[in-house]
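As structure tokens, the structure follows; a few thoughts come after it.
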Amino acid sequence: MNVTELARQLKTTKEELLEKLPSLGFDIGVRAIKVDNSVAERIKQAWAQGARRQKIKEKMEKQQTASEEKKETESAQKEILIPEKITVNDLAQKLAIEVTYLIGYLMKNGIMATLNEQIDFETASIVAEDYGFKAVKCENRDDSKDRDHEIRAMKKTRAGGKSGKWRAPVVVVMGHVDHGKTTLLDAIRKTNVVEGESGGITQHIGAYQVEEKDRLITFLDTPGHEAFKAMRERGGQVADVAILIVAADDGLKPQTFESINVIQKEGLPFVVAINKIDKSDADIDMVKKELAEINLNPEDWGGKTICVPISAKQGKNINELLDMVLLVSDLEKFTADPEKPSCGIIIESHIDKGEGPVATVLVHEGTLRVGDEVVIGNTYGKIKALKDWKGEDVKQAIPSTPVKILGLKSAPKVGDILKVEQIDRAHRKKLSKNYRLIDTLAHDVSTSHAGAEDDKQADKEKETENRLSIVVKADALGSLEALIASIKKLEKKNVSIAILKQGLGNITESDLTLAQDAKAIVYGFNVQLSQEARKMSYERTVDIKISKIIYEILEDIEKRVKSFVKIEIIEVKQGDLLVLKVFKDSRDESIIGCRVKQAPVSNNAKFRLMRDSEPIDEGEIIEIQKNKQKVEKAEEGAECGIKVKGVRGFKEEDILSCFSEEEKEV
Ligand code: GDP
């Protein structure tokens with residue numbers, strides 16, 4: 001056969017063919033023009049085998065680089081800061097795992113710790129490592145801890161005794177999702193508000209007040225979703241009394257236990273509202289039994305836990321429930337001094353287009369008045385107006401009253417403490433610096449990372465990777481904070497989420513323009529499209545998702561993040577087999593006697609046939625036999641018979657280097 005023709009059949013050039021032939025064992029000379037047909041056939045076989053070996057070598061090299069990279073990333077684990085002592089709850093939050101999993105994990109390892117129990121750094125760092133983090137000890141308390149501490153300190157100093165005057169109890173409704181918190185809060189509002197007082201329109205300011213038996217009760221109106229856990233906890237700190245709502249058709253559920261933990265941690269008196277008694281499958285006794293099982297014995301069973309069966313939907317027994325709330329409040333004698341310098345806690349905060357920064361404060365002590373100068377966390381202002389929850393202007397607010405305040409320089413954080421205080425110039429200057437930073441965040445122009453240089457750098461590095469760009473708008477600062485915190489947890493190693501803009505209020509024209517230019521998705525929680533934006537959205541191709549359910553937003557983001565994840569097959573090394581005897585040699589099925597040089601070798605493993613340390617071919621083990629019995633694994637030193645496919649041409653002393661293949665997210 002002509003050498004040029006042979007080269008064509010082998011899809012190479014004549015020059016390359018002549019150059020490579022000696023390495024395949026054919027010495028036909030560099031000037032050869034023709035070769036014998038039988039030699040040509042042998043060259044073809046050897047060429048195909050050579051090409052196959054080359055491919056295997058390249059694959060091996062690729063696998064080696066991948067496993068080195070894997071080792072590198074493993075050693076560069078994500079670091080988290082953990083103090084000398086940390087509660088189980090806080091650790092779960094840092095590791096972004098469900099606290100119930102963590103409690104279960106600790107139990108399995110012999111540590112019985114509840115939600116609020118502290119574990120030491122050593123234990124926490126072992127747990128962190130198992131979850132893929134590297135624990136680094138830190139000294140600093142975090143910001144929210146400081147606020148918790150401040151709130152507790154403030155609560156303790158509330159005036160009692162002679163100077164204290166009776167004040168309305170502050171009540172929080174807690175319980176599992178869908179057990180009826182929102183319905184109950186609505187029912188209470190409807191039952192006890194004098195019709196027509198506010199034209200039927202009420203404002204959502206984070207709390208409202210109702211009258212029962214000529215006495216006021218303040219209700220905290222916090223959203224009930226899982227992502228608002230932090231806010232619920234703050235509710236627990238702010239409140240005097242809790243209503244624990246349990247659906248009679250569902251019983252005690254994870255968030256019921258979580259709420260009980262908050263109630264017990266804060267030492268709150270509470271009343272259990274057994275809800276949905278109108279349902280045919282309601283079982284009040286089942287709820288009472290479950291309560292008794294955790295030492296909350298119902299009153300009518302001889303215990304101390306007050307239970308009121310209600311139907312929030314039908315407005316049944318709502319007044320009885322409120323009477324019980326007043327009863328437990330009377331036992332505690334909630335008082336405060338309206339004459340003292342005023343202070344309070346921020347329970348809601350946002351920027352209003354017309355009114356600027358607005359916040360709801362729950363007055364704790366003293367009387368807050370229009371014209372008062374106030375300092376709240378990093379912001380300050382002079383109160384221009386006070387509005388009650390019905391939206392009516394009031395001149396002053398006494399303890400336990402929720403009021404919306406206008407006149408602040410920027411929106412404070414939920415949980416911040418308000419103090420009536422005249423501030424000097426130096427203090428004002430210092431605060432101004434801070435509020436500018438916060439303003440930027442609340443006024444929609446910041447990135448998700450609040451301007452930290454390190455983070456910007458990290459963002460740049462991530463730019464080349466997979467990135468989901470989003471714009472997030474929410475109705476209130478508390479919801480926005482909770483949503484952003486949940487979104488950040490959805491990031492994956494190689495998929496980042498860039499929050500190009502986050503802010504309060506409706507989705508505007510500029511949000512859509514930004515999203516369009518940056519190919520970002522716009523998410524709105526409890527907001528709408530502004531009129532202008534509504535017109536634009538028809539013309540533009542911006543993906544907008546608006547929802548009142550936080551899960552829906554998170555689910556959508558998670559789905560998009562997952563779509564970026566690519567799967568790569570990686571090799572996991574198993575042991576080696578030494579070929580002792582070849583009984584049958586065929587590509588479809590060979591039968592070989594082997595010795596296990598190195599374990600493990602499992603059935604269905606892939607193998608690379610190695611001869612003189614060179615890879616020859618690749619195949620798969622389809623059966624392992626020991627003493628004529630099929631086995632799943634062969635242990636080290638054992639002799640066994642194997643059936644393989646995909647390779648022929650085995651020789652004694654060959655090594656089958658075994659491996660399995662796994663999928664890995666890249
Ligand atoms: P939340 O998640 O705890 O705020 O629960 P919701 O107040 O949103 O209530 C969840 C669902 O239970 C809604 O469909 C309500 O209509 C329903 N629901 C609430 N209270 C009752 C009740 O007393 N009886 C019945 N049958 N359904 C109720």
Side-chain angles (χ1 to χ4, degrees), residues 10 20-27 41-72 74 567-664:
L10 295 176
K20 284 197 174 159
L21 279 178
S23 68
L24 296 174
F26 298 91
D27 202 1
E41 274 316 304
R42 278 195 286 127
I43 290 176
K44 276 189 206 168
Q45 276 178 15
W47 188 268
Q49 216 169 31
R52 208 170 146 82
R53 282 178 202 175
Q54 185 58 30
K55 248 192 191 159
I56 294 172
K57 265 191 180 166
E58 280 167 12
K59 193 172 146 198
M60 279 169 77
E61 274 163 17
K62 205 172 141 208
Q63 286 295 339
Q64 185 137 10
T65 333
S67 77
E68 272 162 18
E69 274 173 10
K70 189 171 164 228
K71 269 187 205 148
E72 261 174 42
E74 274 169 3
I567 301 291
E568 190 180 78
I569 305 290
I570 56 154
E571 278 181 18
V572 179
K573 176 85 181 95
Q574 294 198 359
D576 292 334
L577 296 170
L578 172 71
V579 177
L580 300 177
K581 199 159 175 59
V582 182
F583 296 103
K584 182 180 168 194
D585 194 14
S586 144
R587 212 168 264 288
D588 295 335
E589 186 186 281
S590 299
I591 301 174
I592 303 159
C594 303
R595 179 179 310 121
V596 183
K597 271 188 79 177
Q598 194 190 334
V601 173
S602 59
N603 194 11
N604 297 326
K606 302 255 163 74
F607 67 84
R608 201 160 280 134
L609 175 64
M610 307 289 288
R611 190 169 295 151
D612 303 324
S613 305
E614 280 290 313
I616 305 290
D617 213 336
E618 278 181 1
E620 187 181 338
I621 298 177
I622 47 178
E623 194 178 306
I624 305 179
Q625 281 198 9
K626 228 185 119 191
N627 302 328
K628 303 214 166 123
Q629 297 283 319
K630 279 189 201 170
V631 288
E632 280 308 305
K633 275 191 185 120
E635 67 270 20
E636 202 151 308
E639 287 191 0
C640 56
I642 55 166
K643 275 187 195 166
V644 301
K645 66 174 183 185
V647 184
R648 64 177 293 280
F650 290 96
K651 288 190 177 160
E652 288 172 14
E653 304 287 307
D654 278 348
I655 299 286
L656 308 190
S657 167
C658 302
F659 59 92
S660 58
E661 287 180 339
E662 278 180 11
E663 288 186 348
K664 185 188 141 210

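Counting from 1, the numbers follow the sequence of the chain as shown.
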Throw together a table of side-chain donor-acceptor distances under 3.5 angstrom for residues 620-632, partners on residues two or more places apart or in other chains.
unit_1	atom_1	unit_2	atom_2	d
E623	OE2	Q625	NE2	2.7
K626	NZ	E635	OE2	3.1

Who pairs with I591 by side-chain contact (heavy atoms from CB on, under 4.5 Å), at least two apart in sequence or on another chain? F583, K584, E589, K643
Return the minimal non-hydrogen interatomic distance between [X] and [Y], and the atom names on each side.
X	Y	result
L580	C594	CD1-C, 3.8 Å
E618	V647	O-CG2, 3.1 Å
I655	K597	CD1-CD, 3.7 Å
F607	F650	CZ-CZ, 3.9 Å
A599	A634	CB-O, 4.2 Å

Could you walk me through whether K573 and S657 pass side-chain contact (heavy atoms from CB on, under 4.5 Å), step by step? CA-CA 8 Å; K573 176 85 181 95; S657 167; 3.3 Å; yes
If the threshold is 4.0 Å, N to carboxylate O, is there a salt bridge linking E614 and K57? yes
Measure the spacing between CD of E571 and OG of S660 and express it to the nearest 0.5 Å. 8.5 Å
Pick out which of R608, R587, K55 makes a salt bridge (Lys or Arg N to Asp or Glu O under 4.0 Å) with D617. R587
Decide yes or no for [X] and [Y]: does some side-chain heavy atom of the first lie under 4.5 Å from some side-chain heavy atom of the second?
X	Y	answer
S586	R648	no
I592	D654	no
V596	L577	yes
K651	V582	no

Assess whether side-chain contact (heavy atoms from CB on, under 4.5 Å) is satisfied between L21 and I43, documenting all intermediate values. CA-CA 8 Å; L21 279 178; I43 290 176; 3.5 Å; yes
I642/V601 under side-chain contact (heavy atoms from CB on, under 4.5 Å): CA gap, chis, key distance, verdict: CA-CA 11 Å; I642 55 166; V601 173; over 6 Å; no
